[in-house]
A.B. asks: 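Below is the structure I would like to discuss, written out as structure tokens.
Just follow the structure's listing: the first ligand is 1, and inside any ligand the first atom is 1. Model, not experiment: these values are computed from the prediction.
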Amino acid sequence: MAAPYDLVVIGAGPAGEKAAAQAAYWGKRVAVIDRQAHPGGTMVGGAVSSKTMREAALYLTGFRQRDVYEVGLDLGPSVAVERLRHRTNDVVRLMTESAIANLARHGIDVIHGEATLGPNRTVVVDGAGEGAPRVIPAEVIIITTGSRPFRPPGIAFDDPCILDADAAALINRPLRSLVVVGGGAVGCEFASIFTALGADVVLVDSGPRLLPFMDGDISDLLAATFRDMGMRVLQGAGRARVARTDAGLGVELGSGEVLRPETVIFAAGRAGNTDSLGLDMAGVAVDERGRIVVDDRFRTTAPGIYAAGDVIGPPALASVSMEQARVAACWAFDIPFKRTVDPLPPFGVYSIPEVAMVGLTEQQAEATGIDYAVGRAPLDQNTRATIAGSTEGMVKLVFGRDELDLLGVHIVGEAATELIHHGQAVIHFGGTIDYFIHSTFNVPTVSEAYKYAAYDGLSNVGR
Ligand SMILES: Cc1cc2nc3c(=O)[nH]c(=O)nc-3n(C[C@H](O)[C@H](O)[C@H](O)COP(=O)(O)OP(=O)(O)OC[C@H]3O[C@@H](n4cnc5c(N)ncnc54)[C@H](O)[C@@H]3O)c2cc1C
């Protein structure tokens, strides 16, 4: 048996890396195990890949500039995809190296292999042909094994033209036509990236609106913008059935219409990586969807075993997963540093254009009976957005009618995922929309839209 560690982390995605680094920073002896040869998890393989594809698609097609200057980069589709792949691989390599360096800097042992929980707080690591399994004892175990794409039953994912979200992030060929099934964050991202790259894209969603967790105005504006870009957006389309017949690949919609794309991407949510961990034997309970059950300190039902990140369920964001993991490590070792996860995380969707939100939507404010009002600033009235040729979008504020306290911010537009942090800070500090009225903003900036959304809000409450 190997020498005991204070902490063994199973899974070296963003949650595992941050749990390990947090404990090691406070002097703990830490090992992290991953079945992949390199750390990074879905963050590097999915999130970083898709974001780099987005930037590369915008640059290589001159998507923003071609309307403004009436010139674009005139690369053929296969050259554009080859350059996009090249750039994506480079960024993935750099971010993987950065994770490796962070673990090394903290003196963390990185062990390659498939991990399962053993008896008496041990982890058994099967090193995939690297000798007999190792049994590693630990004072504390943190499970951060993340998630994988949910694959609806009855779909032939062995067909090279039927892809889940992880496979979509690896596409290395130009697509002429594409159906994306799923109007959540990942579906919207891939649908808009491939529209920018010139594919004929249909986005199919079973629900009545895209990004159902977002504010209704924002979902509607995004769908309208997608349509203006040339995408076909089908909402309330029922359950899509996909089959390959002699006629080729077919996507049958609830209406009976059959679409005939070259490729289909399923973006149908995620399932936790818990099947092979031996949770049952170790006394770690899961819920009806196989997600590990934790309390507010990220303790599982087994003493000394914690879990964080995608493996415990929504929101399944790298941003939140990393914070959960740091908090879990702090509770596990009684480190007086970080005891709670921010209850108001921002949500960002890296579609073209981007979407972001923090706090309450108008629908949530209404449902909870809050006396609220809203203010809006369309980006086609914003100087910086006009200069950049990115005028599709809006900043929308939801605030209390009497006190003017800021309750929620909702943005569609380029750099929405950056802009949202102004609103996040104001909400966190208990501010009102007066902050935007009385602060001086750089001009011209897109941030200035906050000021005009606040003025619109004031006029809506008669002040
Ligand atoms: C296409 C796409 C785009 C995304 N975009 C964003 C975004 O823009 N912003 C954002 O915040 N989030 C985004 N996400 C979500 C984000 O990637 C995840 O929330 C995040 O990676 C979860 O981190 P994690 O550490 O919990 O799990 P993961 O990143 O899934 O890592 C889990 C690790 O555990 C390892 N593992 C699993 N089981 C075992 C085992 N038994 N033994 C050993 N190792 C094991 C895996 O190999 C993996 O390395 C995106 C996801 C996808 C798919």
A.B. asks: Looking at Tyr5, does the NZ or CZ of Arg29 lie under 6.0 angstrom from its six-membered ring centre and within 45 degrees of the ring axis?
C.D. replies: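 Pair Arg29/Tyr5 counts as cation-pi.
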
A.B. asks: With distance as the sole test, does Asp164 use its side chain to make a donor-acceptor pair with the main-chain N or O of Phe266 at under 3.5 Å?
C.D. replies: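 Not at all, since once roles are kept as given, no pair shorter than 3.5 Å links the two residues.
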
A.B. asks: Regarding atom 13 (C) of ligand 1: of the candidates Ala185, Ala99, Ser319, Ala47, which has the closest heavy atom?
C.D. replies: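 Closest candidate by heavy-atom distance is Ala47.
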
A.B. asks: Do any heavy atoms of Ala169 fall under 4.0 Å from ligand 1?
C.D. replies: no

A.B. asks: Would you say Ala316 and ligand 1 have an N/O pair spaced under 3.5 Å apart?
C.D. replies: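 In this structure, Ala316 places an N or O atom under 3.5 Å from an N or O of ligand 1.
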
A.B. asks: Ignoring hydrogens, just give me the one of Asp34, Ile111, Ile265 whose non-hydrogen atom is nearest atom 47 (O) of ligand 1.
C.D. replies: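 Closest candidate by heavy-atom distance is Asp34.
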
A.B. asks: Please write down residue, atom name and distance for the protein heavy atom closest to atom 2 (C) of ligand 1.
C.D. replies: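 Of the protein heavy atoms, Gly46 C, 3.7 Å lies nearest.
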
A.B. asks: Within 45 degrees of the ring normal and closer than 6.0 Å to the centroid, is that where the cationic atom of Arg299 sits relative to Trp331?
C.D. replies: no

A.B. asks: Tell me if a side-chain donor or acceptor on Ser219 pairs with a main-chain N or O of Leu210 at a distance below 3.5 Å.
C.D. replies: yes

A.B. asks: Number the atoms of ligand 1 from 1 as they appear, then name those within less than 4.0 Å of a heavy atom of Lys51, with their elements.
C.D. replies: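 By the 4.0 Å cutoff, the relevant atoms are 3 (C), 4 (C), 5 (N), 6 (C), 7 (C), 8 (O).
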
A.B. asks: Identify, with sequence neighbours excluded, every residue that meets ring-ring contact (aromatic ring centres under 6.0 Å, His included) alongside His38.
C.D. replies: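 By the ring-ring contact (aromatic ring centres under 6.0 Å, His included) rule, His38 matches no residue at all.
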
A.B. asks: Counting distance only, does the side-chain N/O of Thr116 pair as donor-acceptor with the main-chain N or O of Gly278 below 3.5 Å?
C.D. replies: no

A.B. asks: Among Arg35, Arg148, Met43, which residue places a heavy atom closest to atom 38 (N) of ligand 1?
C.D. replies: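 Answer by nearest heavy atom: Arg35.
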
A.B. asks: At less than 4.0 angstrom from any non-hydrogen atom of Ser147, what atoms of ligand 1 do you find?
C.D. replies: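 Numbered from 1, ligand 1 contributes 30 (O).
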
